[in-house]
Protein chains: 2
Amino acid sequence: MTDPGELLQQTIDRFWESVPPTWNRIRTNVRGIASERFGVTVEQFHILRHIRKGVASVSELAEAKGTSRPAISQAVDVLAGKGLVSRRQDAADRRIVRLELTEEGSGLLSAIFRENRAWMAEKLSVLTPEQMTQIIAALDALKSAFDDRSSDFSR
Amino acid sequence: MTDPGELLQQTIDRFWESVPPTWNRIRTNVRGIASERFGVTVEQFHILRHIRKGVASVSELAEAKGTSRPAISQAVDVLAGKGLVSRRQDAADRRIVRLELTEEGSGLLSAIFRENRAWMAEKLSVLTPEQMTQIIAALDALKSAFDDRSSDFSR
DNA sequence: AATTAACAGTTAAGTTACTTACGCATTCTA
DNA sequence: TAGAATGCGTAAGTAACTTAACTGTTAATT
C-alpha cells in the first residue's frame, strides 16, 4: 500500500512510541516487587536473570548487559555478599570465574518472575489470542533484526 | 490450537526473551551517539524526548519516567545549564515550571534521532513489509495493554 | 477572611551503579 | 621462555538516583 521506505519509518516511529513506555512500566513493576519484597534492585535482578540464562562469567555478563567488566564485578560482589550468587574458579581456565545462582538466588529470581508474570498476565488478558500470536511473531522478528549475529561481519 | 492461558504465558516468555536485549541494543546505540557526538547522556536524551512530546513540567516528567521529582529537577538543571532546556513560570499557576526545548536542544534531539533512525532502518531493513506491518500492530497492542488508563479504576 | 491543607518545585545529604585507569594472575603465542 | 593477551578485581571519581526537609503558590475549610 505505501512504499517500503515509509513503512520502515513508520515501524521506527511505532517502536519509539510503544517500547520505551511499555518497558518502563514493566521495569517499574519489577522494581516494586524486587526491592520492596525481596530487597534487590532491578539491576541485580537482571544480573540474576542473565546468570540463570547461562551467561555465567563476568566478561560475558558485561558483554550481554552492555556495561563494563568492573561494573559487573562489583554488582556480583554485592550479590555474592547476599548469598544469591556463588563464584567458582573454572577448572580448565583459572582466570575465569564461573557464576552460579545459589539455591536462595534461584528461588528469589523465580519468586520475582512469578509475581511479575501474574501482573503481566492480568494486563495482557485484554488481548485476543490473535493479537497474542501476532505479538509473539513480531517480537521474534524484532529480536532477530537487532540480534548481534545478523549483519555483523566484523568477526 | 493451544489453550488461551498457555498462549498468554508464551507471550510473556517471548516478551522477556525479546524486549530486554532489543531495547538494550538500541539504548546502547543511542548512548553512543548521544554521548560521543553530542555530550549528553541517555537519561538526558530521554528527558529531552519527553519534553518535546509535550510532557512539560517537572511533575509530569517524573510521573512519565517513573522517578522522583527531585531527580527530574536535578536533571533539568543540568540540561538548562547546557542551554538545551528553558524553564519558564506558568502564568496561570505560578507553582508550575513550564519546560521547553531551546532551539539548540531541539536541534540536538533531532540530530540524535536522525542518526539512531538511520541505524535502526539499516537493522530493520532485513524484515519483509508484512513483518513490519505486523510489528506495528503488535507494538500498538502491547502499548495499549500496558497503558496506564486501561484497567486502572483508582481515579 | 484567615487558617490550614495540598501542591509544584528545589535543596541537601546520602546511596547505588556506573565509568576509566591500573594491577594481578593466568593463559596463549611467537 | 619472553611478551602479548585475557579475565577479573581494586581504586577513585562521576552521574543519577533516593528520602527528608524546605520555599513559594494555590485550593479548601471554617
Side-chain angles (χ1 to χ4, degrees), chain A residues 20 24 27-28 30-32 34-36 38-51 55-82 84-100 155, chain B residues 20 24 27-28 30-32 34-36 38-51 55-82 84-100 155:
Chain A
N24 208 41
R27 197 181 163 78
T28 299
V30 171
R31 171 164 24 238
S35 92
E36 283 162 32
F38 299 100
V40 295
T41 67
V42 193
E43 284 71 25
Q44 290 167 354
F45 161 76
H46 282 299
I47 291 181
L48 296 177
R49 201 165 63 79
H50 277 107
I51 293 175
V55 185
S57 80
V58 172
S59 296
E60 284 171 7
L61 263 169
E63 166 74 22
K65 281 203 67 200
T67 64
S68 63
R69 279 185 284 264
I72 301 296
S73 187
Q74 290 162 11
V76 167
D77 219 44
V78 174
L79 289 171
K82 286 173 181 258
L84 303 176
V85 167
S86 70
R87 295 192 233 224
R88 197 164 39 77
Q89 212 172 33
D90 188 292
D93 185 340
R94 288 183 307 179
R95 291 172 300 184
I96 299 175
V97 172
R98 287 286 148 208
L99 303 172
E100 275 179 48
R155 50 179 85 180
Chain B
N24 208 42
R27 195 181 164 80
T28 299
V30 170
R31 172 166 20 237
S35 92
E36 283 162 32
F38 299 100
V40 295
T41 67
V42 192
E43 284 70 26
Q44 289 166 356
F45 160 77
H46 281 299
I47 290 181
L48 295 178
R49 202 165 61 79
H50 276 106
I51 293 176
V55 184
S57 80
V58 172
S59 295
E60 284 170 8
L61 264 169
E63 166 73 22
K65 283 204 65 201
T67 64
S68 64
R69 280 184 284 264
I72 300 296
S73 185
Q74 290 161 11
V76 166
D77 219 44
V78 174
L79 289 170
K82 286 172 182 258
L84 303 176
V85 167
S86 71
R87 296 192 233 223
R88 197 165 39 76
Q89 212 173 32
D90 188 292
D93 185 340
R94 290 182 307 180
R95 291 172 299 183
I96 299 175
V97 172
R98 287 285 148 209
L99 303 172
E100 274 179 48
R155 48 182 84 183

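Just so we're on the same page: letters track the sequence lines, and every chain starts at 1.
Taking the salt bridge (charged side-chain N to carboxylate O under 4.0 Å, His left out) definition, one finds that B:R69 meets it with nothing, sequence neighbours left out. Residues passing the side chain to side chain contact (heavy atoms under 4.5 Å, CB included) test with B:A56 are B:R98, sequence neighbours excluded. With sequence neighbours left out, the salt bridge (charged side-chain N to carboxylate O under 4.0 Å, His left out) criterion links B:E100 to B:R88. In terms of the salt bridge (charged side-chain N to carboxylate O under 4.0 Å, His left out) criterion, A:R31 has no residue partners (sequence neighbours excluded). For B:F38, there are no ring pair (Phe, Tyr, Trp, His ring centres under 6.0 Å) partners, not counting sequence neighbours. Considering only residues two or more places apart in sequence or on other chains, A:H50 meets the side chain to side chain donor-acceptor pair (under 3.5 Å) condition with none of them. Residues meeting the side chain to side chain contact (heavy atoms under 4.5 Å, CB included) test with B:V97, sequence neighbours left out: B:R87, B:L99.
Counting distance only, with no hydrogens placed and no angle test, the side-chain atoms of A:Q44 and the base atoms of C:dT16 include no donor-acceptor pair under 3.5 Å.
Along DNA chain C, the nucleotide nearest to B:I72 and the one nearest to A:T67 differ in position, and the one closer to the 5' end is contacted by B:I72. Heavy-atom distances to DNA chain C give each of B:V76 and A:A71 a nearest nucleotide, and the one nearer the 5′ end belongs to B:V76.
Distance B:E43 CD to C:dT19 C1': 13 Å, rounded to the nearest Å. Atom pair B:L99:CG and C:dT10:C1' shows a separation of 13 Å (rounding to whole Å applied). Regarding A:L61, its CG atom lies at a distance of 15 Å from the C1' atom of C:dC18, rounded to whole Å.
A:S68 has no side-chain polar atom (N or O) that falls below the 4.0 Å cut-off from OP1 or OP2 of C:dT20. Neither OP1 nor OP2 of C:dC7 sits under 4.0 Å from any side-chain N or O of B:R69.
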The contact string for nucleotides 21-30 of chain C, one letter per nucleotide 5' to 3', using protein heavy atoms under 4.0 Å with B, S and - for base, sugar-phosphate only and none, comes out as B----BS---
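First and last contacts of DNA chain D with chain B, using any nucleotide atom under 4.0 Å from a protein heavy atom and ordered 5' to 3', fall at D:dA15 to D:dT26.
Smallest separation of non-hydrogen atoms from A:V55 and A:L61: CG1-N, 3.5 Å. Closest approach of B:N24 and A:K65 over heavy atoms only: ND2-O, 3.2 Å.
When each of C:dT16, C:dA8, C:dA12 is scored by its nearest atom to the side-chain atoms of B:I96, the top-ranked nucleotide is C:dA8.
Contacts of B:R87 with the nucleic acid, taken as non-hydrogen atoms under 4.0 Å apart, involve only primed sugar atoms and P, OP1 or OP2.
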